[in-house]
Amino acid sequence: MAEKPRGKILFVLSAAREQTLADSSKRATGTFLGELYEPYLALTGAGHEVVFATDGGAAPAIDPESLDARYWGDGARRAQAQRFVERAPEVRAPLSLKAARAAADSFDGIVVPGGQGVMVDLLDNADLHALLAHFGAKHQPVGLICHAPAVLTRMRQPNPLSGRTVTSVSSFEEVYIETFVMGADAQVRGIGEQLEDHGYEHEAAFPGSAYAQRDCNLVTSQNPFSTDRFSTLYLEALADYRRGARCAEDARDGRR
């Protein structure tokens, strides 16, 4: 079957700049920079146009923790990513999620980078839930990174993504972040356990290792160190979609 032409990919970012923790303290938050920038480079490098959206069309927020050198191979790459989010017109003036939902048929897939900001303004966002269900039903690639798979636990069940095998930030990584970065527990935590409770099959690798999971058109990844693997799997899912591949709901052996 002839491939479809390369289409646009929707990136949904958090615009939440502050997070309230379980002890009522507050911290700066937002989207994790590398989880936005690395998949963006991979997709645009493969010839796909990326369109950004946030709740209300606000400029996205970047989690300060994501600027730490431990998440970057070199400082030049980090500086490049910072310049991009600070200057690129498509990032500074994104679509609103309502507008993206109205234009859903114009996109070939969706990616939601992680970061604690996701837990503030995207976790219970009805427009994002509708978009994920839309792409899932059309067998288009859905990419959820690190904390973003938590959104699946708030969607109505069943939905086109129900019962899939997924990964996300692990419980050990959550404890590490809360202890050494945030200084208190998050209000929403235990993402892996919540996914299991909602019928998903949750898997996680050793903390801090690169791990991503593809189940048909759903691609998830565990942490900021997994973006290369995530991008590879997402591009594979996108190529399969463009060739007309579909996943039978009752044929799990055909899923990856």
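Nothing fancy with the numbering, it's 1 onward along the sequence.
- Rounding to the nearest 0.5 Å gives a distance of 10.0 Å between CD1 of Ile110 and CD1 of Ile9.
- In the hydrophobic clustering of this structure, Val12 does not group with Leu238; members are Ile, Leu, Val, Met, Phe, Trp, Tyr whose side-chain heavy atoms approach within less than 4.5 Å, directly or through other members.
- In this structure, the side chains of Lys26 and Gln19 stay at 4.5 Å or more apart for every pair of heavy atoms.
- Residues Gln157 and Ser162 have side chains that bring a donor and an acceptor to within less than 3.5 angstrom of each other.
- With respect to the salt-bridge test (charged N to carboxylate O, under 4.0 angstrom), the residues Arg243 and Asp240 qualify.
- A side-chain donor from one of Asn223 and Ser226 sits under 3.5 Å from a side-chain acceptor of the other.
- Counted by atom type alone, Tyr234 and Glu236 present zero donor-acceptor pairs between their side chains at under 3.5 Å.
- Ionic pairing of Lys138 and Asp105 is present here: one or more N-O contacts between side-chain nitrogen and carboxylate oxygen are shorter than 4.0 angstrom.
- In this structure, Arg70 places its CZ atom where more than 12 heavy-atom neighbours from other residues, nucleotides or ligands lie under 6.0 Å away.
- Using modelled atom types, one finds no donor on one side chain facing an acceptor on the other under 3.5 Å when comparing Tyr37 with Gln82.
- Between Phe225 and Tyr211, a ring centre-to-centre spacing not shorter than 6.0 Å is recorded.
- Distance CD/Gln116 to CD/Gln187: 10.5 Å, rounded to 0.5 Å.
- Ser170 and Glu173 are linked by a side-chain donor-acceptor pair at a separation below 3.5 angstrom, with hydrogens and angles left out of the test.
- Side-chain atoms of Ser168 and His202 form a donor-acceptor pair, as typed in the model, at a separation below 3.5 Å.
- With a 6.0 Å radius and a threshold of 12 heavy atoms from other residues, nucleotides or ligands, Lys98 has its NZ atom at or below the threshold.
- Side-chain polar atoms of Asp108 and His48 form no donor-acceptor pair below 3.5 angstrom.
- Atoms CZ and CZ, on Arg78 and Arg83 in that order, are 11.5 Å from each other to the nearest 0.5 Å.
- With values rounded to the nearest 0.5 angstrom, Leu21 atom CG is found 11.0 Å from Arg189 atom CZ.
- Contact record, Asp23 with Ala184: OD2-CB, 3.4 Å, taken as the closest heavy-atom pair.
- Side chains of Glu65 and Tyr71: a donor on one and an acceptor on the other come within 3.5 Å.
- A salt bridge does not link Glu201 to Arg164: none of the charged side-chain nitrogens sits closer than 4.0 Å to a carboxylate oxygen.
- Between Glu35 and the choices Ser221, Pro224, Ser66, the side chain to side chain contact (heavy atoms under 4.5 Å, CB included) rule is met once, by Pro224.
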